[in-house]
Amino acid sequence: MLRHEITEILQIYYLSQKYFCGLHIWNFFISAVTFKHIGILGNSSKRVNHSYDINLELERLMSYIKDSETGQRGFLITKDSTFLAPYLNSKKKIDHSFDRVKAYTKGNPEQESNVRKLSFYISKRQNYLSAILHLSLTKPLNDKSIKEKLLIGKQTMDSIRNHIDEMIHLEKRTLKSRESNYNDTIQVTPVFVYTTLLVTLLLITISYIRINRDLDKSQTSNNRLALMNESNSLAEIVGNFGSWQLKVDTKEYTISDNTYRLLGFEPGGFFSSEENFMKYIHSEDLPAFRENMDKMKSNNPALFTYRIIRKDKKVRYFRTTGRIVTNKSGDEILIGTTSDVTDQVLASLSLEQQNLELEASNKELLAFNYVASHDLQEPLRKIQTFVSRLADKEYDNLSDNGKEFMSRINSSVERMRILIDDLLQYSRTTKTEKVFEEVNLNDLLENAKSDLQQFIDEKKAVIKSDKLPEMTVIPFQVQQLFTNIIGNSLKYSKEDVPPKIKIACQKVIASEEAAIPKKTKDKFYKFTFTDNGIGFEQEYAEKIFVLFNRLHNKNEYVGTGIGLAICKKIVENHKGFIFAEGKPTIGSTFTIYLPEDCT
């Protein structure tokens with residue numbers, strides 16, 4: 001829930017930033033378009049002014065040329081040198097004005113061509129003006145050579161006038177086109193500006209409404225987040241754990257309030273840093289703590305336990321785990337939890353001590369088994385030997401009571417021997433190393449029947465079996481299982497009725513068998529051993545698998561009450577189940593489930 005609330009707030013924040021970003025982009029776009037439009041308007045205005053400047057400069061150039069000609073004409077008529085002042089001054093003005101016209105028309109091929117021609121005629125006209133003035137000093141005005149030069153000068157002046165008129169006409173045409181474009185741009189500008197303002201105002205209004213709505217959601221989420229933070233703090237207190245964060249790059253370390261409490265401080269009791277936290281770690285556990293923290297910083301999750309020394313000097317056991325996460329900014333943050341597991345660790349240490357004691361007890365039991373298998377059987381063999389010798393040599397000299405006592409001693413010794421053998425067999429089933437092998441169960445069944453052959457022949461028993469599968473089992477234990485169950489059916493058969501034992505096998509699914517616990521999902525082999533013996537009451541179906549539990553008096557049926565307990569232990573060693581079902585005077589059925597994979 002806390003993560004969900006934080007994610008929702010972040011989403012609202014990013015949406016708000018998205019609105020602002022979109023608005024900024026739109027403003028940037030509008031600014032760019034407006035700037036472009038203003039640039040177009042300015043360029044259009046510049047082009048119009050440029051055309052006016054060319055026309056004005058051409059007229060000015062023409063005026064300077066006329067001034068030069070007027071000054072020459074006044075001097076020729078009056079021979080007064082004062083009239084030459086306009087002529088002399090106009091030369092520089094003509095050159096300067098012509099340079100300006102040349103600069104204005106640069107880049108316009110048509111006008112540049114006119115400028116080159118104009119330059120030729122202006123130079124020609126000025127040359128003839130100088131030549132006529134020079135001739136007028138020595139010859140009269142009606143001189144033929146002067147008249148010729150005056151005529152050529154007039155023609156040149158006409159050419160200058162025609163070229164200037166042509167250039168002015170060309171610029172007027174261009175000016176008309178530029179003025180039209182300028183007017184069009186001027187007319188569009190208000191519409192563009194008003195449209196832009198309206199769209200911008202609309203976007204600002206929409207953004208304002210959506211931001212307000214998101215702010216309302218953010219406020220609601222903030223309230224929920226505050227509540228979740230309080231719930232999380234309460235959960236840390238109840239769960240006896242704390243949380244922390246470490247920015248991998250900046251080493252900024254933050255711990256929760258309950259982490260302070262676990263160390264015996266009030267929240268904020270010391271400056272939150274990794275080094276300050278490590279001051280409370282037991283010196284013997286500090287190297288391992290640093291090593292595991294380095295693993296987690298390398299994005300290798302770890303779970304480790306260490307000792308800390310609280311502010312009150314009490315030693316507690318902490319367990320820490322964490323993992324790397326990457327936030328939206330790309331920062332790697334190591335987040336984790338720290339739990340006080342002192343009670344669990346102490347309980348585990350206590351359990352280890354109990355396991356050590358149990359291991360010692362098992363060793364003692366093994367020693368007892370050794371004694372039982374060697375030292376206890378030796379006196380029994382000697383008792384049997386001496387009783388046998390006594391029976392051979394002194395039996396006839398014994399009274400009837402002595403003979404009865406002799407028989408009882410022999411019977412008790414035999415029962416003791418059987419009991420010791422069964423106990424050793426049960427211990428072997430419990431403690432022997434479990435070595436699984438793939439074997440054919442038919443072979444193990446035949447071996448079990450061979451072990452019981454004398455008993456089978458005495459009882460004239462009939463044993464029928466389905467074909468059994470190959471399985472990976474502990475061979476000698478499964479053979480013992482077959483031996484004990486068949487032996488049990490032979491032992492508790494009806495008097496004067498040949499035992500009939502039927503062994504069936506089929507493959508089943510655990511979920512389809514009512515007897516198997518529901519959580520089991522494996523496939524099993526189901527073995528059923530059915531006999532026609534004396535049976536038993538169903539209320540004893542579980543008790544018969546209990547060690548030393550017997551349903552009949554030892555004088556009625558020989559046994560120690562260990563055989564079926566051994567069967568149950570063997571089945572459990574193979575992760576299976578065994579059940580018994582009996583009907584008095586009808587018989588009994590033993591059902592065994594062994595999984596396909598017993599290992």
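What's counted below: heavy atoms across the whole structure, side chains too, no hydrogens, waters or symmetry copies.
- Side-chain rings of Phe270 and Tyr260 approach one another, their centers coming within less than 6.0 Å.
- Taking the charged nitrogens against the carboxylate oxygens, Glu274 and Lys297 do have a contact shorter than 4.0 Å, which makes a salt bridge.
- His282 and Phe289 have their aromatic ring centers separated by at least 6.0 angstrom.
- Under 3.5 Å, the side chains of Arg316 and Thr342 contain a donor-acceptor pair of N or O atoms.
- Between the side chain of Lys494 and the main chain of Thr585, a donor-acceptor pair closer than 3.5 Å is present.
- The main-chain N or O of Ala288 is found under 3.5 Å from a side-chain atom of Asn292 such that the two form a donor-acceptor pair.
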CA sep, side-chain torsions, deciding dist, call: Glu446, Asn442, side-chain hydrogen bond (donor to acceptor under 3.5 Å, both in side chains): CA-CA 6 Å; Glu446 291 302 320; Asn442 295 289; over 6 Å; no
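- No donor-acceptor pair under 3.5 Å is formed between the side chain of Arg261 and the backbone N or O of Pro267.
- The shortest side-chain heavy-atom distance between Trp244 and Leu334 falls under the 4.5 Å cut-off.
- Here the side chain of Glu266 pairs no donor or acceptor atom with the backbone of Asp257 at under 3.5 angstrom.
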Kindly indicate, with the supporting measurements, whether the criterion side-chain contact (heavy atoms from CB on, under 4.5 Å) is fulfilled by Tyr525 and Leu441. CA-CA 12 Å; Tyr525 283 106; Leu441 297 191; over 6 Å; no
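- Counting non-hydrogen atoms of other residues, nucleotides and ligands closer than 6.0 Å to CD of Glu539 gives a total above 12.
- No side-chain donor-acceptor contact under 3.5 Å links Asn484 to the backbone of Leu564.
- Applying the salt bridge (Lys or Arg N to Asp or Glu O under 4.0 Å) test to residues at least two apart or on different chains, the pairs with a partner in residues 452-477 are Asp466-Lys502.
- With a 4.5 Å cut-off on side-chain heavy atoms, His574 and Leu481 do not count as touching.
- By the 30° and 60° cut-offs, the orientation of the rings of Phe277 relative to Tyr306 is perpendicular.
- Neither side chain, Ser298 nor Asn300, offers a donor N or O lying under 3.5 Å from an acceptor on the other.
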Walk me through it: do Thr321 and Thr337 pass the test side-chain contact (heavy atoms from CB on, under 4.5 Å)? CA-CA 6 Å; Thr321 186; Thr337 59; 3.7 Å; yes
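- The local environment of CD in Gln454 is sparse, with at most 12 non-hydrogen atoms from other residues, nucleotides or ligands closer than 6.0 Å.
- The only member of Thr528, Ile486, Ile485 that meets side chain to side chain contact (heavy atoms under 4.5 Å, CB included) when paired with Ile503 is Ile486.
- Residues Phe318 and Leu263 form a side-chain contact, since some pair of their non-hydrogen atoms from C-beta on lies under 4.5 Å apart.
- With 3.5 Å as the limit, one finds a donor-acceptor pair spanning the side chains of Lys279 and Asn276.
- A donor-acceptor contact shorter than 3.5 Å is absent between the side chain of Glu438 and the backbone of Met471.
- Within the 4.5 Å cutoff, no side-chain heavy atoms of Tyr280 are placed close to those of Ile309.
- Side chain of Thr320 to main chain of Thr338: no donor-acceptor pair is present (N/O by atom type, distance under 3.5 Å, no hydrogens or angles).
- Side-chain contact between Tyr492 and Phe536 is absent, with no heavy-atom pair separated by less than 4.5 Å.
- Put simply, the side chain of Phe482 does not reach to within 4.5 Å of the side chain of Lys449, judged on heavy atoms.
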